[in-house]
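In what follows, a single structure is set out as structure tokens and then discussed.
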Amino acid sequence: MNHEKMTNVSRKRGFLWPSYEIYSGVSGFTDYGPLGASLKNNIMQKWRKQYIVGEGFREIEGPTVMPKEVLKASGHVDNFTDPMCKCEDCGEVFRADHIIEEAIGKDVESFPNEKLDEIVLENNISCSECGGKLSKIWDYNLMFKTQIGAKGNKIGYMRPETAQGIFILFKRLSRYFGGRLPFGVVQLGKAYRNEISPRQGVIRLREFTQAEAEIFLNPQDKTHPKFENIKDEKFRLSSQDVQKNEKEEIVVTGQVALDEGIISSEMLIYQLYLARKFLYDIGIPDEALRFRQHLPGEMAHYALDCWDVECKTDQYGWVEIIGIADRGDYDLSSHTKESNEDLNVYIPYDEPKLVKKTVIKPNMAKFGPSFKQDSPKVKTFLENLNDEEIKDLKAAIDKEGKYIIKLDKDLELLAEHLSFEEIEEEVKGEKITPHVIEPSFGIDRILYCTLLHSFTETDEKDYFKFEKTIAPIEISVFPLLNKTPLTKIGFEITENLRKEGFNVDYSTAGSIGKRYAKSDEIGVPLAITVDFDSNETDDVTVRYRDSEKQKRIKIDELNNFVENYFNKKD
RNA sequence: GCAGCCGUGGUAUAGUCUGGUUAUUACUCUGGCCUUCCAAGCCAGCAACCCGGGUCCGAAUCCCGGCGGCUGCACCA
């Protein structure tokens, strides 16, 4: 692990570059160079393979510009802000709640801005730098704001997370999945947050890539069919208890974590397992990872429970790279309220439930004479009673022979007006608002950690020891010298491998040693060298990046050999 | 956003205090030579004073503003 060397190589070789460099750059943005872009794509492809192919989730792609209503409902318009104020003399900008707290020693977090303005006036709070007058307080919202359409009266925001795009499609998605829970939907794409002062390179970007899965499930049933397979997997956990009481991290199996209530559900544990498996497959070892539960005050406005996967770095300490949250029904309920669309599913019971209940049979023949024009009202009243009220009514009539209905006037209901019947009713299911378990991956951070932990220093060389399935370039082809027929053979080999779908670099530049060194450095797993013997013996040298061992392979068998090596199934 | 330090080819740097010839050096990179494998050698070449303004006969160098980087503070649902 060596941040400094790694970032140098990554800049030099074309993984990560600062954005808008020729205009002196803008912080909080980053460019992926040729190798970085490929690496990122490979990581995202691998992610798709795990969640879409492996778990049967389905992918959607929504717009990145969202109308205000969506983010109002999600809570981002109101909660994704900081109250700010500015000194009218020196221009210094402050967090309003902080400067107030400092001045009067009272916690005013989540007070409305008007209230904060009042407090500033009443307590005569001034600029802590120059003593100048403070401006009115405004909200600094971390979302990028824009307008939709020419009139400019439709406010839009760049989405601050990809998740909302899935929630707002819930009706169509639940129909797509046949109305059955659980189901999983994923979205990969850009999200935007206008950070006040981003630093730390690719760790905190204003525009970043997320890969999120939203798993909709029955709140009564957070089990997972594959939990059985992973219940003995061990997890290194830093729970709320561990953090609050400054205990050692605990290492427990999934089963124990469930039994002792450390993690609340099978589904959540299974997602922790999947997240770790993914990271392992792209070359981030378990030792570099830990699971940390959010503390109550730290939790986002929507979360019931949240576990971060954190990765160890030498430069930034433990960095959050994945958040796995139980969002409860927060989002679907909020969107139901805001949009007036029912975002729920009908859950049929395994077996219809037989519910015993008492129903009222009004004796309509007696109604007319007794209630006259009030008859329909009495009928409606009786029809709208719930089980509890029917019981009370029956009890009253059994005991006292009458029941007073209080409508616009009191009406006396007698035993002769109605009869009761005990029936058994079949209830087949109920409507519920699903809960959501959300694994949310920060792709840029994960890519950084992949670079950091793949970067290997030995006595001979420093290089990216990528897992071969994510290496941006898979094979290097080198004629030993820049001469025919070596170049001709080399070029043919390159073309053949490219036809098979391999990402191949062909180069004749510089000495063979230099080319090997560069090829290793950018993490190409295999190099193929054509020499003067190749022309006569029809074979070439294959060299492995990690061991630097070489072997001769017949040119005819080359495609087969590399396909086996990369285990490519297309 | 604030404070301190900093910004010279792709990389690492000399020169800045004390303004003055064609901006130093090494590596890298590109082309060539090389009949045999791990950054070799030889020849040739590309390539820089963060941006804008000011002072001055003259600015990489001094002054002001901006942008960016690092560190600290603040911020990071």
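Just so it is clear: chains get the letters A, B, ... in the order the sequence lines come, proteins before strands, and each one is counted from 1.
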> For Thr529(A) and Tyr516(A), does a side-chain donor sit closer than 3.5 Å to a side-chain acceptor?
Replying inline: yes
>> I'd like to know if Glu320(A) reaches the base of C76(B) with its side chain such that a donor and an acceptor end up less than 3.5 angstrom apart.
In response: no
> When the distance from OH of Tyr23(A) to P of G52(B) is rounded to whole Å, what number comes out?
Replying inline: 11 Å
>> With rounding to the closest Å, how many angstrom separate the P atoms on G69(B) and G53(B)?
In response: 23 Å
Short heteroatom pairs, N/O only, protein and nucleotides 34-36 of chain B, under 3.5 Å:
| from | atom 1 | to | atom 2 | distance (Å) |
| --- | --- | --- | --- | --- |
| C34(B) | OP2 | Lys483(A) | NZ | 2.9 |
| U36(B) | N3 | Phe532(A) | N | 3.2 |
| U36(B) | O4 | Phe532(A) | N | 3.0 |
| U36(B) | O4 | Asp533(A) | N | 2.7 |
| U36(B) | O4 | Asp533(A) | OD1 | 3.1 |

> To the nearest Å, how far apart are Tyr20(A) OH and G69(B) P?
Replying inline: 14 Å
> What is the pairing partner of A59(B), taking Watson-Crick or G-U wobble pairs with both distances under 3.5 Å in any strand?
Replying inline: none
>> With a 4.0 Å limit, can you tell me whether Gln315(A) has a side-chain N or O closer than that to the phosphate oxygens OP1/OP2 of U71(B)?
In response: yes
>> Using atom C1' in both nucleotides, what's the gap between G9(B) and U30(B) to the nearest angstrom?
In response: 15 Å
> Picking from C37(B), G31(B), G68(B), which would you name as closest to the side chain of Arg552(A)?
Replying inline: C37(B)
> Over how many whole Å does the gap from Leu35(A) atom CG to G10(B) atom P extend?
Replying inline: 19 Å
> Between Phe441(A) and Trp47(A), how do the two ring planes meet: parallel, tilted or perpendicular, split at 30° and 60°?
Replying inline: perpendicular
> Between atom NZ in Lys518(A) and atom P in U11(B), what is the gap in whole Å?
Replying inline: 16 Å
>> If I take atom CZ in residue Arg206(A) and atom P in nucleotide C76(B), what distance separates them, rounded to the nearest angstrom?
In response: 15 Å
> Between C76(B) atom P and Asn141(A) atom CG, what is the distance in whole Å?
Replying inline: 13 Å
> How would you label the contact of Ser511(A) with the nucleic acid (heavy atoms, under 4.0 Å): base, sugar-phosphate, or nothing?
Replying inline: base
> Mind checking who G45(B) pairs with, Watson-Crick or G-U wobble, both distances under 3.5 Å?
Replying inline: C29(B)
>> How many whole angstroms separate atom CD of Gln200(A) from atom C1' of C75(B)?
In response: 11 Å
> With both distances under 3.5 Å as the test, what is the Watson-Crick or G-U wobble partner of U16(B)?
Replying inline: none
> Between Glu548(A) and Tyr316(A), who's closer to the 5' end of RNA chain B by nearest nucleotide?
Replying inline: Glu548(A)
> For atom P, what is the distance between C63(B) and C17(B), given to the nearest Å?
Replying inline: 9 Å
> How far does the C1' atom of A47(B) sit from the matching atom of G72(B), given to the nearest Å?
Replying inline: 37 Å
> What interatomic distance, in whole Å, is found between P of C27(B) and the corresponding atom of C73(B)?
Replying inline: 42 Å
>> So, does Lys514(A) get its side chain near the phosphate of U28(B), meaning an N or O under 4.0 Å from OP1 or OP2?
In response: yes
> C75(B) pairs with which nucleotide, Watson-Crick or G-U wobble, both distances below 3.5 Å?
Replying inline: none
>> Using only atom types and a distance under 3.5 Å, with no angle test, would you say the side chain of Arg206(A) pairs donor to acceptor with the backbone of Phe29(A)?
In response: no
> Do Glu246(A) and Gln243(A) have side-chain N/O donor and acceptor atoms under 3.5 Å apart?
Replying inline: no
>> Between U25(B) and A48(B), how far apart are the two C1' atoms, rounded to whole Å?
In response: 14 Å
> Do Arg204(A) side-chain and C75(B) base share a donor-acceptor contact under 3.5 Å?
Replying inline: yes
> What is the nucleic acid contact for Gln550(A), judged by heavy atoms within less than 4.0 Å: base, sugar-phosphate only, or nothing?
Replying inline: base
> Does G4(B) pair with anything, Watson-Crick or G-U wobble, both distances under 3.5 Å, and if so, with which nucleotide?
Replying inline: C70(B)
> Looking at Tyr51(A) versus Phe278(A), is the centre-to-centre ring distance below 6.0 Å?
Replying inline: no
>> What's the gap between G15(B) and A60(B) when it is taken at their C1' atoms, as a whole Å value?
In response: 8 Å
> Between Lys12(A) (NZ) and U11(B) (P), how many Å, whole number?
Replying inline: 11 Å
> Looking just at side-chain N and O atoms, do Lys40(A) and Thr209(A) make a donor-acceptor pair shorter than 3.5 Å?
Replying inline: yes
> Between Glu521(A) and Arg11(A), which is nearer to the 5' end of RNA chain B once each is assigned its nearest nucleotide?
Replying inline: Arg11(A)
>> Taking only the P atom of each, what is the distance from C42(B) to G4(B) in whole angstrom?
In response: 50 Å
>> Taking donor-acceptor contacts at under 3.5 Å, does the side chain of Ser24(A) reach the base of C51(B)?
In response: no
> Quick one: are the ring centres of Phe170(A) and Phe216(A) less than 6.0 Å apart?
Replying inline: yes
> Could a donor-acceptor pair under 3.5 angstrom be found where the side chain of Arg13(A) meets the base of U28(B)?
Replying inline: no
>> Strictly distance-based, threshold 3.5 Å: is any side-chain N or O of Trp307(A) a donor or acceptor partner for the main-chain N or O of Gly323(A)?
In response: no
>> Quick check for you: to the nearest 0.5 Å, what is the distance between Thr537(A) atom OG1 and Asp531(A) atom CG?
In response: 7.0 Å
>> Could you measure the distance from the CD atom of Glu214(A) to the CZ atom of Arg327(A)? Nearest 0.5 Å is fine.
In response: 6.0 Å
> For the base of C38(B), is there a side-chain donor-acceptor partner from Arg515(A) under 3.5 Å away?
Replying inline: no
